[in-house]
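Residue indices begin at 1 and follow the sequence shown. Model, not experiment: these values are computed from the prediction.
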Amino acid sequence: MQLGDGSALRRIAARATAMAGGVAMAGVAGLAVAPAVHASPSATGVLRWAPCDGPEKSGAECATLSVPVDWAHPNGPRLDLAVARRKATEPGARVGSMVFGPGGPGDSGVQMVVGNISRFSPEVRRRFDIVSFDPRGVGAGNPVTCSTALLAERPSPVLKSQADFDATLAYNKRLRADCRARTGPVFDHLDTAQT
């Protein structure tokens, strides 16, 4: 897609505006928003951006967003999600924020913004703040934790018999129980709808 085409820029701006509107609507609906990593929750409900920690000086900013563990119970337990942004390189040409999901499974949006920003063209970076997050269960988003010893016992993925199938099924049940116990309540809320 060529961004020199005005209609393409309008489509991108409309998508970015819709995404930003969705984030704003979520905030109005009662999402508590926390400030930069290692800080207490913001009373104003605004993300507080600060330079991202780490040895590389990427120019990216990081914050923490507090969300319900279970959206069906918004006043119940909460977890913190890491969020990162890289501001538009030409503030005068800035259209808005482009919020993207990192994909996956298991991809860190924060790492994509902090370290692997090359996936976005210079024109997109010039016109948009690039924003992403670590989904629940990934990176700094309350990662799934499992026993290293149990992971090392993984059976062969090649199933040649009913016995192989039964052994794999039993292993998967043990692994799920182990990961659930080590990860905590968010383990039951890692699906796409919860993310």
Side-chain angles (χ1 to χ4, degrees), residues 3 9 12-69 71 77-145 183-184 186 189-195:
L3 290 180
L9 280 176
I12 291 171
R15 288 182 188 134
T17 301
M19 291 173 78
V23 170
M25 293 294 286
V28 170
L31 281 181
V33 180
V37 179
H38 310 298
S40 60
S42 166
T44 63
V46 175
L47 287 174
R48 293 187 193 160
W49 297 100
C52 296
D53 292 337
E56 65 280 334
K57 300 296 180 197
S58 67
E61 297 175 309
C62 289
T64 302
L65 176 65
S66 176
V67 299
V69 168
W71 288 99
R78 303 186 73 75
L79 68 109
D80 290 338
L81 297 180
V83 183
R85 89 173 160 190
R86 196 179 286 259
K87 289 186 175 180
T89 59
E90 190 176 324
R94 182 181 178 274
V95 174
S97 294
M98 180 185 305
V99 180
F100 74 94
D107 290 344
S108 165
V110 169
Q111 285 303 317
M112 290 179 187
V113 171
V114 172
N116 188 16
I117 200 69
S118 63
R119 73 181 305 154
F120 300 99
S121 72
E123 181 65 11
V124 169
R125 292 189 54 213
R126 183 176 79 85
R127 305 281 309 237
F128 294 92
D129 294 346
I130 307 295
V131 180
S132 193
F133 58 96
D134 281 353
R136 49 183 65 215
V138 175
N142 199 3
V144 171
T145 305
T183 302
V186 74
H189 304 282
L190 296 175
D191 62 9
T192 301
Q194 292 283 330
T195 297

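- When atom types are taken as modelled, the side chain of R127 and the backbone of A93 share a donor-acceptor pair closer than 3.5 angstrom.
- The shortest non-hydrogen separation linking L81 to P135 is CD2-C, 4.3 Å.
- The side-chain heavy atoms of L65 and D80, taken from C-beta on, include no pair separated by under 4.5 Å.
- For T183, the side-chain contact (heavy atoms from CB on, under 4.5 Å) partners two or more places apart in sequence, or in a different chain, are V144, T145, V186, F187.
- Formation of a donor-acceptor pair under 3.5 Å by the S132 side chain with backbone atoms of F100 is found in this model.
- Counting only distance, with no hydrogens or angles, the side chain of W49 and the backbone of A63 share no donor-acceptor pair below 3.5 Å.
- With sequence neighbours left out, the side chain to side chain donor-acceptor pair (under 3.5 Å) criterion links S108 to D134.
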Worked verdict on L190 versus V138 for side chain to side chain contact (heavy atoms under 4.5 Å, CB included): CA-CA 10 Å; L190 296 175; V138 175; over 6 Å; no
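- With a 4.5 Å cut-off on side-chain heavy atoms, N142 and V69 do not count as touching.
- Screening residues 83-101 for salt bridge (Lys or Arg N to Asp or Glu O under 4.0 Å) gives E61-R85, E90-R126, R94-D129 as the qualifying pairs, with residues at least two apart or on separate chains.
- F120 approaches M98 most closely through the heavy-atom pair CE2-SD, 4.2 Å.
- Judged as a side chain to side chain donor-acceptor pair (under 3.5 Å), and not counting sequence neighbours, the contacts of S118 are N116.
- Counting only heavy atoms from C-beta outward, the side chains of T195 and H189 never approach each other to under 4.5 Å.
- Heavy-atom minimum distance, R125 versus I117: NE-CG1, 3.4 Å.
- Of all the heavy atoms in C62 and V114, the pair that sits closest is SG-CG2, 4.4 Å.
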Check against side chain to side chain contact (heavy atoms under 4.5 Å, CB included), V110 and V83: CA-CA 6 Å; V110 169; V83 183; 5.7 Å; no
